[in-house]
2 protein chains.
Amino acid sequence: MPRTKGDHEARRRDVSEAVWRVLAAHGFGGLTMRAVAAELGATTGLLTHYFRTKRDLVAHALDLLERRTEARPRRAAGPGVSAVRAALLDILPLTPEATGSNRIWVSSWDTALADPGLSADHARKYARSRDRLRDLIVEAQRLGELRPGDPDRIAAGAQAFVLGLVVQALLDAPAFPPRRQIELLDDHLAALAPTRGGPGEPHDG
Amino acid sequence: MPRTKGDHEARRRDVSEAVWRVLAAHGFGGLTMRAVAAELGATTGLLTHYFRTKRDLVAHALDLLERRTEARPRRAAGPGVSAVRAALLDILPLTPEATGSNRIWVSSWDTALADPGLSADHARKYARSRDRLRDLIVEAQRLGELRPGDPDRIAAGAQAFVLGLVVQALLDAPAFPPRRQIELLDDHLAALAPTRGGPGEPHDG
DNA sequence: CCATTCACACAACAAGCGTTACGGTTATGT
DNA sequence: ACATAACCGTAACGCTTGTTGTGTGAATGG
């Protein structure tokens, strides 16, 4: 019975992608039903057919963006500090696609800060990311590629650094081209390297 | 002739402070003329009397916030790494007032990213802050309290770190109380300390 | 003490918003 | 083939928005 065969969920994906494009271009302040519909080459009738309310529409778009970001192909890397580096590189806006995603997340903070529920969602999201990073750091420490120290703190520090770098790169792209972002990330990692001759050498047992 | 004597500029300050309060509470998405007027205990008639348009109103409020932030009393500190630490501590949301200011700036990124002109304003602002930080870092290096290395890069790294920490602290206040923020900042600075026995010891000339 | 002028409340405006109702078209199941 | 139901364009709704115009009261200058 459907005009386009039963891929109801595929249509919702199309709509969400239009939401992403509008958000990346005009932010939450410019996100209207009509703008999304126009971006999709359709009318608001389509939108309300697939989403009850604007809130649902945005929630689905952000949820899908998060899951897609989480499921995207990751940079391959050996264990140790190399894996930490790869995980952090995966966050930075080094490609147009990553730039778009990051733009959306940064923009979403305005709405999130005004709504405790959304703030909690974001907090959970970043806490999970921090935990994953911590595991990689523990492994790198075990291999003696990172100096010893509370891995939770090192993870929180690295995450803060990368997050701030994302913001800088978005607001001042010319000053933070990919090469510079990578350079700064490597500086940060170098500062976490084991001190030569001090504690933190590889364990051997 | 004025009802309240000629402090035209003082009234504009009052209005701007109401804007700050609305922004800190409801973000840019909740910033309306009526909301500002209500916060002020007045009507929109007052607002339009002092500002031609909403754009002017917001611009003045943010401009004033920036100047006030820049002119506020700074943490006293000796020269060297202590001054770097103090400058970075001055940015973090360690007090309710600093939390409010940071909330506003983070929220403003949504609007800024959608407008190249505003993005450029922000870029200039952060570049200036980075330059000031760089000067402090150069001095700390000269005193042998910071390891050698391109001071511009160290400044950019420290600024990114602090900026990201601000975001984390705002979105997840329970996980980042003042003590934890300071702890993480000190971790970052410790990682920049001169390596014992390596290069970077104090010059004596 | 009167004319003037600033300060601001009040009310109205058009435009744009999210949302709802409806109707025509099209593919499917029987 | 026919009934059915999903798809979605069209149009209207009530509401909120930024902005404008008008009017009133208070303070001032001559």
Side-chain angles (χ1 to χ4, degrees), chain A residues 1-23 25-63 107-108 110-111 114-115 117-118, chain B residues 1-23 25-63 107-108 110-111 114-115 117-118:
Chain A
M1 335 117 170
R3 195 174 325 192
T4 57
K5 40 184 176 139
D7 43 8
H8 186 89
E9 207 55 36
R11 284 316 243 175
R12 282 167 66 96
R13 228 185 313 120
D14 292 343
V15 173
S16 291
E17 286 171 7
V19 172
W20 299 345
R21 270 174 271 134
V22 172
L23 281 179
H26 305 108
F28 277 79
L31 182 72
T32 68
M33 296 280 145
R34 288 158 170 78
V36 174
E39 176 67 39
L40 199 64
T43 66
T44 61
L46 187 151
L47 300 185
T48 60
H49 183 68
Y50 289 101
F51 297 96
R52 196 105 52 83
T53 171
K54 183 189 184 184
R55 211 179 168 73
D56 290 355
L57 188 152
V58 176
H60 186 266
L62 292 184
D63 195 60
S107 283
S108 77
D110 177 34
T111 312
D115 181 327
L118 293 179
Chain B
M1 330 119 166
R3 194 176 326 192
T4 57
K5 37 181 179 146
D7 42 8
H8 187 88
E9 207 54 35
R11 284 316 242 175
R12 282 167 64 96
R13 225 183 318 116
D14 293 342
V15 173
S16 291
E17 286 170 6
V19 172
W20 300 344
R21 271 175 269 134
V22 173
L23 280 178
H26 305 107
F28 277 78
L31 182 72
T32 68
M33 296 279 145
R34 291 174 228 273
V36 174
E39 176 67 37
L40 200 63
T43 67
T44 61
L46 187 150
L47 301 186
T48 59
H49 183 69
Y50 288 101
F51 297 94
R52 196 107 51 84
T53 172
K54 184 189 183 184
R55 210 178 169 76
D56 289 354
L57 187 152
V58 177
H60 186 266
L62 292 184
D63 195 59
S107 284
S108 76
D110 178 34
T111 312
D115 181 327
L118 293 179

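Only a predicted model underlies this, so the values are computations on that prediction, with no experimental measurement involved. Throughout, protein chains are lettered first and strands after them, A, B, ... in sequence-line order, and every chain is numbered starting at 1.
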Write down the distance between [atom1] ([X]) and [atom2] ([N]), rounded to a whole number of angstrom.
X: A:L57; N: C:dC17; atom1: CG; atom2: P; result: 15 Å
X: A:L47; N: C:dC17; atom1: CG; atom2: C1'; result: 14 Å
X: B:R12; N: C:dA7; atom1: CZ; atom2: P; result: 12 Å
X: A:D14; N: D:dC7; atom1: CG; atom2: C1'; result: 14 Å
X: A:L46; N: C:dT25; atom1: CG; atom2: P; result: 18 Å
X: B:H49; N: D:dT24; atom1: NE2; atom2: P; result: 18 Å

Every protein N/O lying under 3.5 Å from an N/O of nucleotides 17-21 of chain D:
{"residue": "D:dG18", "atom": "OP1", "partner": "B:K54", "partner atom": "NZ", "Å": "2.7"}
{"residue": "D:dG18", "atom": "OP2", "partner": "B:M33", "partner atom": "N", "Å": "3.0"}
{"residue": "D:dG18", "atom": "N7", "partner": "B:R34", "partner atom": "NH2", "Å": "2.9"}
{"residue": "D:dG18", "atom": "O6", "partner": "B:R34", "partner atom": "NH2", "Å": "2.8"}
{"residue": "D:dT19", "atom": "OP1", "partner": "B:T53", "partner atom": "OG1", "Å": "2.5"}
{"residue": "D:dT19", "atom": "OP2", "partner": "B:T53", "partner atom": "OG1", "Å": "3.3"}
{"residue": "D:dT19", "atom": "OP2", "partner": "B:K54", "partner atom": "N", "Å": "2.6"}

Looking at residues at least two apart in the chain, or sitting in another chain, which of them share a side-chain contact (heavy atoms from CB on, under 4.5 Å) with [X]?
X: A:A10; value: A:D7, A:R13
X: A:T48; value: none
X: B:R21; value: B:E17, B:A18, B:E39

query: Looking at residues at least two apart in the chain, or sitting in another chain, which of them share a side-chain hydrogen bond (donor to acceptor under 3.5 Å, both in side chains) with A:D115?
result: A:R55

message: Under the rule for side-chain hydrogen bond (donor to acceptor under 3.5 Å, both in side chains), what residues qualify as partners of B:H60, not counting sequence neighbours?
response: B:S16

query: Looking only at heavy atoms, what is the nearest atom pair of B:F28 and A:D110, with distance?
result: N-OD1, 3.1 Å

message: If the cut-off is 4.0 Å, is A:Y50 near the phosphate of D:dA6, judged by side-chain N/O to OP1 or OP2?
response: no

